[in-house]
Q: 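Just passing along the structure, written as structure tokens.
Here the structure is a predicted model, which means the values were calculated and not measured. Naming convention: chains lettered A, B, ... in sequence-line order (proteins, then strands); numbering from 1 in each chain. Side chains are part of it too, since the values below use all heavy atoms of this structure and drop only hydrogens, waters and symmetry mates.
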Amino acid sequence: MQALLEPTLVYQTGHGQQTRPWVFAGAPGSAGWDTLKWLFLPPDLPMSITLASWNVNSVRARLEQIRDWLYQRPVGVLALQETKVVDADFPREAFGSLGYCTLSSGQPSYNGVALLSRTPLSEPAETAPPSLIQDCRYLSAWIPEGFYLIDIYAPNGESLQSAKFSYKLAWYDQLTTHIESLLPKHPKIALLGDFNIAPADLDVHDPEAWQDSVLTDARARDALRALERLGFRDAFRLMHPAEPIYSWWDYRGAALRRNEGLRIDLILLSQALIPHLQEAGIDTGIRHHTRPSDHVPVWVELEP
DNA sequence: ATGCCAAGCGAGGCTTGA
């Protein structure tokens, strides 16, 4: 088991230089933050970090699998989607014993997002629009590595004719507008989660069969382009421009056996983070475990 | 065209997902 990370702060006082474990739990913008930020946060990434995202389709049903996976890949940050649990019942102790602190935004039965991190998570001072966070599809946090995490579980949309598809497009509009307002102050943003959009035909096992889908529709893909116009890039595609690989396979039929999947779980990095991108991958093997989620974890490695 | 499979809720079968 990995040891719990306990960063040590070195700070200057009237009595000289002192050292203590990391105890500052304030948010950016709170009293003392600016001083601490400049004392303790280097201008660039202080160390390598791996960020991952996984739609687990119920965090309680998948707890043992998540723990097993974290032993194999002890990521710095894990963004979860479809946790399907209220915050009071989120299994934070189970992750705490693995060295992770947790922020969660959950409701009964449906949706729900959570961020796990080995370094302290702080709630950002900026509040997202209520309509963006009301159905537990959006969660943001600061980590002391110096950047902003945004975990999303985008609406699926059901069908092109459905009101849910209009909602999906409106939801993405709000997301993009909100992120645009964050970027001037927070240029380093990792936007990760279940986007419910396959960015290109390469990300779809049978583009013809899926051409009228809410996951591949041009208006949905335009939502990704709006994020690209803000400088975000799909980290996996930057590293692997031509590899057909998927992150989701339908439970039904023989979708997995036939490799009938789509790549809809993404990690987008803002322009300021892209130079730090070292590698990106998708842990497809876990889909073959017993009682799997229908999604698998996706990850990126960032280097100083 | 519809079900296929899985989870929550709650105690049967409905709702939702992608």
Side-chain angles (χ1 to χ4, degrees), chain A residues 53-67 69 79-91 94 104-114 134-138 151-172 175 192-221 223-224 234 244-266 282 284 286-298:
Chain A
S53 173
W54 191 2
N55 179 326
V56 288
N57 186 15
S58 171
V59 68
R60 288 178 292 185
R62 225 64 66 194
L63 189 54
E64 285 311 306
Q65 282 187 48
I66 301 170
R67 291 163 70 143
W69 180 77
L80 301 176
Q81 303 87 36
E82 283 206 85
T83 52
K84 298 187 177 181
V85 64
V86 295
D87 297 333
D89 294 333
F90 191 93
S104 66
S105 169
Q107 63 185 15
S109 302
Y110 305 115
N111 307 342
V113 282
Q134 65 184 359
D135 52 358
C136 302
R137 297 177 178 277
Y138 176 100
D151 178 14
I152 66 161
Y153 171 50
N156 169 271
E158 193 177 38
S159 69
L160 296 179
Q161 299 74 31
S162 167
K164 292 180 182 175
F165 185 62
S166 307
Y167 177 70
K168 177 182 192 172
L169 298 178
W171 189 91
Y172 264 109
L175 176 72
L192 64 177
D194 177 355
F195 283 68
N196 268 315
I197 300 171
D201 283 352
L202 179 60
D203 304 306
V204 183
H205 72 94
D206 185 348
E208 206 170 312
W210 283 85
Q211 66 179 347
D212 295 322
S213 155
V214 291
L215 306 179
T216 62
D217 184 82
R219 287 162 288 179
R221 286 176 171 171
L224 285 184
D234 174 357
I245 187 170
Y246 311 124
S247 68
W248 169 85
W249 296 258
D250 202 318
Y251 282 123
R252 299 168 291 184
L256 181 64
R257 183 171 57 76
R258 296 174 179 156
N259 195 26
E260 294 174 353
L262 282 82
R263 192 174 68 93
I264 54 178
D265 299 273
L266 311 174
I282 305 181
T284 56
I286 206 163
R287 184 66 174 79
H288 295 275
H289 289 196
T290 51
R291 271 189 90 209
S293 168
D294 44 352
H295 298 249
V296 296
V298 302

Q: For B:dG12 versus B:dT2, give the span between their P atoms, rounded off to a whole number of Å.
A: 29 Å
Q: Would you kindly say whether A:Gln81 and A:Asp151 are connected by a side-chain donor-acceptor distance under 3.5 Å?
A: yes
Q: With sequence neighbours left out, what residues match A:Arg252 under salt bridge (charged side-chain N to carboxylate O under 4.0 Å, His left out)?
A: A:Asp250
Q: Test of understanding: with side chain to side chain donor-acceptor pair (under 3.5 Å), list the residues that count as partners of A:Asn57, not counting sequence neighbours.
A: A:Lys84, A:Tyr251
Q: Mind listing the N/O atom pairs, protein and nucleotides 10-13 of chain B, below 3.5 Å?
A:
none

Q: Counting just side-chain N and O atoms, does A:Arg258 come under 4.0 Å of either OP1 or OP2 of B:dC4?
A: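 No, A:Arg258 has no side-chain N/O under 4.0 Å of OP1/OP2 on B:dC4.
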Q: Pick the P atom in B:dT16 and in B:dG10, then give their distance to the nearest Å.
A: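 Here B:dT16 and B:dG10 have their P atoms 15 Å from each other.
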Q: Could you write out each protein N or O paired with an N or O of nucleotides 14-18 of chain B at a distance under 3.5 Å?
A:
residue	atom	partner	partner atom	Å
B:dG17	OP2	A:Lys164	NZ	3.3
B:dA18	OP1	A:Glu82	OE2	2.8
B:dA18	OP1	A:Tyr153	OH	3.1
B:dA18	OP1	A:Asp194	OD2	3.4
B:dA18	OP2	A:Tyr153	OH	3.0
B:dA18	OP2	A:Asn196	ND2	3.1
B:dA18	N7	A:Asn156	OD1	3.4
B:dA18	N1	A:Arg252	NH2	3.3
B:dA18	N3	A:Arg252	NH2	3.3

Q: Please name all residues satisfying side chain to side chain donor-acceptor pair (under 3.5 Å) with A:Thr83, sequence neighbours left out, ordered by chain then number.
A: none
Q: So, using salt bridge (charged side-chain N to carboxylate O under 4.0 Å, His left out) as the criterion, who are the partners of A:Arg263 when residues are at least two apart?
A: A:Asp203, A:Asp234
Q: With sequence neighbours excluded, what pairs up with A:Asp201 under the salt bridge (charged side-chain N to carboxylate O under 4.0 Å, His left out) test?
A: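 Testing A:Asp201 for salt bridge (charged side-chain N to carboxylate O under 4.0 Å, His left out), a comparison that skips the adjacent residues, returns A:Arg221.
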Q: Tell me every residue that passes ring-ring contact (aromatic ring centres under 6.0 Å, His included) with A:Tyr138, counting only those two or more places apart in sequence or in another chain.
A: A:His178
Q: So, using salt bridge (charged side-chain N to carboxylate O under 4.0 Å, His left out) as the criterion, who are the partners of A:Asp194 when residues are at least two apart?
A: none
Q: When the P atoms of B:dC14 and B:dA1 are compared, how many Å lie between them, rounded to an integer?
A: 23 Å
Q: Over how many whole Å does the gap from A:Arg62 atom CZ to B:dG8 atom C1' extend?
A: 12 Å
